[in-house]
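Written below as structure tokens is the structure these notes are about.
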Protein chains: 2
Amino acid sequence: MKKTIYQSCPIARVAMLLSDRWTMMILRDLVRKPMRFNELGESLETISTRTLTVKLKRLETLGVIRKKDACYTMTATGRKIGPIMNEMEKYGRKYLLKNVG
Amino acid sequence: MKKTIYQSCPIARVAMLLSDRWTMMILRDLVRKPMRFNELGESLETISTRTLTVKLKRLETLGVIRKKDACYTMTATGRKIGPIMNEMEKYGRKYLLKNVG
DNA sequence: CAGGATCCCGCGGGATACTG
DNA sequence: CAGTATCCCGCGGGATCCTG
């Protein structure tokens, strides 16, 4: 993707935010409730500590989450991602059941 | 991500569908209207023909899009992704403006 | 428990050239 | 135009060990 597309396309920006192996899963968890590092690690089962660290830091930098005494919570703008996650859940609940995995 | 999580978690399935560099952008285009190969290529600007081929084939296999005489269109279940894309656009329009890119 | 530091590997994906 | 075929490289991310 070109750089300039981020300025012009809202979906491109969201794509940059979400398009890696773990970010959606992390947000799925944090949208529900604040969680600590190891708690996230166990929920995500196979994520490495390194990757979890990297992804959390990135989300913090982007202003989507915040660390509050060893607990990661969504920020105000982060919580606005909720509707996206809801639609994802609705879709995933009905479709892709046999295909993926 | 573990395999078993796909059976149990709807969001994990959607994550598998969407979490790569190009799929969201392709769907962004196809949700709006059917498009041909090169048309998509120009819209996405920097995607390679190889990657576009691979991604389109994958979406076809997953039953999300269909090729209809050299034109790619969303299937019925593919069109259900619309609400996700809408929420993404709403979010991207208001947030991430300075951060990403 | 909550990470930081290294080391290393696979594969996602770009570049390029070719075909019906 | 709509791909297919190779070749190749970067980096996302796993494994492992170490620290406060």
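Values in this document were obtained by computation on a predicted structure and should not be read as measured data. Here is how names work: the chains are called A, B, and so on, in the same order as the sequence lines, proteins then strands, and each is numbered from 1.
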- A:Tyr72 side-chain proximity, nearest of C:dG3, C:dG4, D:dT4: C:dG3
- Query: Of A:Ser48 and B:Lys67, whose nearest nucleotide on DNA chain D comes first from the 5' end?
  - Reply: B:Lys67
- Message: Side-chain N or O of B:Lys55 versus OP1/OP2 of C:dG13: is the shortest distance under 4.0 Å?
- Response: yes
- Rounded to the Å, how far apart are B:Arg50 CZ and D:dG3 C1'? 13 Å
- Can you tell me how far the OG1 atom of A:Thr73 sits from the CZ atom of A:Arg79, to the nearest 0.5 Å? 7.0 Å
- Task: Nearest whole angstrom, please: distance from the P of D:dG3 to the CG of B:Leu59.
- Result: 14 Å
- Only one of B:Lys90, B:Met85, B:Glu87 forms a side chain to side chain contact (heavy atoms under 4.5 Å, CB included) with A:Ile84, so which one is it? B:Glu87
- Task: Classify the nucleic acid contact of A:Thr53 as base, sugar-phosphate or nothing, counting any heavy atom under 4.0 Å across all strands shown.
- Result: sugar-phosphate
- May I ask you to evaluate whether A:Thr51 reaches the phosphate of D:dG14, defined as a side-chain N or O under 4.0 Å from OP1 or OP2? yes
- Quick one: which of B:Val54, B:Thr49, B:Ile47 gives a side chain to side chain contact (heavy atoms under 4.5 Å, CB included) with B:Thr51? B:Ile47
- Message: Output the rounded distance in Å from CD (B:Glu42) to C1' (D:dG3).
- Response: 15 Å
- Query: Considering only heavy atoms from C-beta outward, does the side chain of B:Ile26 approach that of B:Arg58 to under 4.5 Å?
  - Reply: no
- Item | Residue pairs fulfilling ring-ring contact (aromatic ring centres under 6.0 Å, His included) with at least one residue in residues 73-96 of chain B, sequence neighbours excluded | B:Tyr91-B:Tyr95
- Nearest whole angstrom, please: distance from the P of D:dT19 to the CZ of A:Phe37. 18 Å
- Task: Grab the CG-C1' distance between B:Leu56 and D:dT4 for me, whole Å please.
- Result: 14 Å
- Query: Taking CZ from A:Arg58 and C1' from C:dG3, how many angstroms apart are they, rounded to a whole number?
  - Reply: 19 Å
- Which nucleotide in D:dG14, C:dG13, D:dA5 has an atom nearest any side-chain atom of B:Thr49: D:dA5
- Could you please name the option among D:dG14, D:dG13, C:dG14 that lies closest to any side-chain atom of A:Ile47? D:dG14
- Where the side chain of B:Asn38 is concerned, which of C:dG14, D:dC1, C:dT6 is the nearest nucleotide? D:dC1
- Output the distance between atom CH2 (B:Trp22) and atom CG (B:Leu56), rounded to the nearest 0.5 Å. 12.5 Å
- B:Glu89 vs B:Arg32, salt bridge (charged side-chain N to carboxylate O under 4.0 Å, His left out): CA-CA, chis, key distance, verdict: CA-CA 13 Å; B:Glu89 179 157 6; B:Arg32 289 173 188 158; 3.8 Å; yes
- Task: Would you mind reading off the bend of the helix from C:dC1-D:dG20 to C:dG20-D:dC1 from its two end axes, five pairs each, to 10 degrees?
- Result: 50°
- Message: Using OP1 and OP2 only, check whether a side-chain N or O of B:Lys57 sits under 4.0 Å from D:dG3.
- Response: no
- Note on the structure: When rounded to whole Å, the CD1 to P distance for the pair B:Ile26 and C:dG12 reads 14 Å
- Whole Å only: how far is the CE atom of B:Met16 from the P atom of C:dC11? 13 Å
- Has the side chain of A:Arg21 got a donor or acceptor that lies under 3.5 Å from a partner of the other kind on the base of D:dG13? no
- Item | Nearest-0.5 Å distance that lies between atom NZ in A:Lys68 and atom OG1 in A:Thr75 | 12.5 Å
